[in-house]
Amino acid sequence: MLRSMKAERTIVHRFEASLFPVNAYLVETSTSVVVVDATLGVSDGKTLRSRVDTLKRPLAAVIVTHAHPDHYGGVAALLGDADVPVYAVAGVNDVIRRDDAAKEQILRPMFGDEWPATRRFPSHTVQDGELVSIADAVFAVTDLGPSESPHDSLWRLDSDGAPQVFVGDLVYSHMHAFLADGFYDRWLVNLERTTREVPADAMLFMGHGQPVSGQAILHWQASYIRRFLDVLRTAVERDGLQGDPLKDAVSTQMKRFLPKDDLLFLMQLSVEPMCIRLGLHQRSQSAAASSAKGER
Ligand SMILES: [Zn+2]
């Protein structure tokens with residue numbers, strides 16, 4: 001799937017993977033193409049490469065917004081043997097390299113050969129506030145640190161029209177979200193920071209779903225995170241649920257907030273890790289023990 005988002009000096013094309021809905025973006029400048037994120041799998045990475053080739057401009061660079069494998073896994077198939085720089089903030093580069101072996105253990109059984117045998121990592125690291133010139137485009141970098149993933153960043157392109165901001169997974173475009181990395185508090189702070197810093201007319205290009213203009217989506221994402229925390233605490237602490245009944249109850253409640261199934265599995269994968277992160281099971285077990293001993 002390839003759609004033009006803007007017909008000015010730079011044109012941003014959205015490429016949605018077929019394995020599951022995750023985006024890569026092709027930023028077409030007057031001289032070249034810059035790809036922002038590269039999806040997860042080998043097939044999608046190759047298809048992304050063929051989309052780049054149809055633009056008949058050289059691929060100048062790849063940017064990786066954050067540390068999750070559904071955004072960097074496809075870089076290897078996109079680039080093949082080509083010597084093309086891969087940019088990320090230093091923290092994103094560090095986390096990708098640190099966690100890649102663990103991701104291999106998780107993703108190989110899930111995706112088989114679609115998860116590339118060898119992954120390609122960032123080759124050029126940049127810092128917060130840096131202006132990165134790639135061919136004739138200049139990206140302003142914001143290093144967010146932990147948010148949705150252990151390390152996130154924003155890449156902003158100012159051209160003739162509204163600013164274009166590649167937000168990675170800081171915001172999902174009205175899809176269920178992955179919260180399993182547990183940095184929900186930093187994520188909420190970074191959503192507030194981004195609301196202050198990003199112009200009201202900015203076009204936000206998300207890792208999942210359709211790009212959206214304006215700041216309302218940032219508030220929506222914060223509401224989604226807060227609702228998830230409330231729902232999870234209630235289901236464990238008040239209702240005493242765990243295991244599959246807990247996952248089912250949380251899913252039912254979150255689908256009242258967002259009545260669709262898009263990426264529901266990512267939210268469901270987050271239930272157990274977030275119980276651990278919030279210490280919910282221990283608390284509900286000690287509460288049960290206390291009430292059993294008549295201490296309540
Ligand atoms: Zn993602």
Side-chain angles (χ1 to χ4, degrees), residues 1 12 14-26 35-45 47-48 62-78 86-89 91-93 95-96 98-100 102-104 106-107 110-111 114-116 119-122 144-155 165-184 186-187 190-191 194 204-212 217-218 220-221 224-225 228 254 258 260-271 273-274:
M1 216 184 299
V12 179
R14 182 168 80 101
F15 169 84
E16 189 173 58
S18 52
L19 204 55
F20 67 92
V22 57
N23 298 323
Y25 292 100
L26 296 85
V35 168
V36 182
D37 289 340
T39 79
L40 181 142
V42 173
S43 304
D44 286 314
T47 310
L48 179 57
V62 179
I63 291 168
V64 179
T65 59
H66 66 289
H68 276 155
D70 53 330
H71 301 262
Y72 78 84
V75 173
L78 166 68
V86 180
Y87 288 90
V89 298
V92 169
N93 175 51
V95 171
I96 287 175
R98 182 195 72 192
D99 292 353
D100 184 69
K103 298 299 177 192
E104 161 74 23
I106 297 166
L107 297 173
M110 284 173 85
F111 295 107
E114 277 294 345
W115 176 240
R119 278 75 64 188
R120 241 170 110 160
F121 301 140
L144 296 174
S147 297
E148 189 256 1
S149 87
H151 213 105
D152 290 26
S153 64
L154 303 182
W155 292 68
V165 188
F166 298 90
V167 299
D169 290 358
L170 179 71
V171 190
Y172 285 64
S173 194
H174 298 109
M175 291 183 168
H176 291 281
F178 184 73
L179 294 110
D181 283 333
F183 301 105
Y184 66 91
R186 302 285 300 275
W187 191 354
N190 278 324
L191 285 164
T194 305
L204 306 183
F205 295 92
M206 289 80 156
H208 302 274
Q210 294 282 352
V212 173
I217 191 80
L218 296 162
W220 177 85
Q221 187 65 61
Y224 182 96
I225 296 166
F228 177 81
M254 291 312 292
L258 176 65
K260 44 169 143 162
D261 289 336
D262 300 72
L263 299 181
L264 190 67
F265 78 101
L266 292 182
M267 187 279 290
Q268 291 171 333
L269 284 171
S270 311
V271 169
M274 279 298 288

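Not measured: the values here are computed from a predicted model. Indexing begins at 1, ligand by ligand and atom by atom, following the structure's order. This chain uses plain numbering: 1 for the first residue, then up along the sequence.
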Original post:
Which atom pair, heavy atoms only, marks the closest approach of Ser153 to Val64?
Top reply: OG-O, 4.2 Å

**OP:** Could you check if a side-chain atom of Asp100 sits within less than 4.5 angstrom of a side-chain atom of Tyr72, using non-hydrogen atoms only?
**Re:**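 SC-SC contact between Asp100 and Tyr72 confirmed.
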
**OP:** Please confirm if an N, O or S atom belonging to His208, backbone or side chain, lies less than 2.8 Å from the Zn ion (ligand 1).
**Re:** yes

**OP:** Examine His71 and say whether one of its N/O/S atoms is closer to the Zn ion (ligand 1) than 2.8 Å.
**Re:**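 So His71 counts as coordinating the Zn ion (ligand 1), yes.
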
Subject >> Atom name in Asp70, limited to N/O/S, at shortest distance from the Zn ion (ligand 1) >> reply: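 The closest N, O or S atom of Asp70 to the Zn ion (ligand 1) is OD2.
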
Original post:
What is the name of the N/O/S atom in Asp169 that sits closest to the Zn ion (ligand 1)?
Top reply: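 The closest N, O or S atom of Asp169 to the Zn ion (ligand 1) is OD2.
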
**OP:** Evaluate the ring planes of Phe178 and His68, with Trp represented by its six-membered ring, and classify them as parallel (under 30°), tilted (30 to 60°) or perpendicular (over 60°).
**Re:** perpendicular

Subject >> Main-chain N/O of Met206 paired to Asn23 side chain as donor or acceptor, under 3.5 Å >> reply: yes

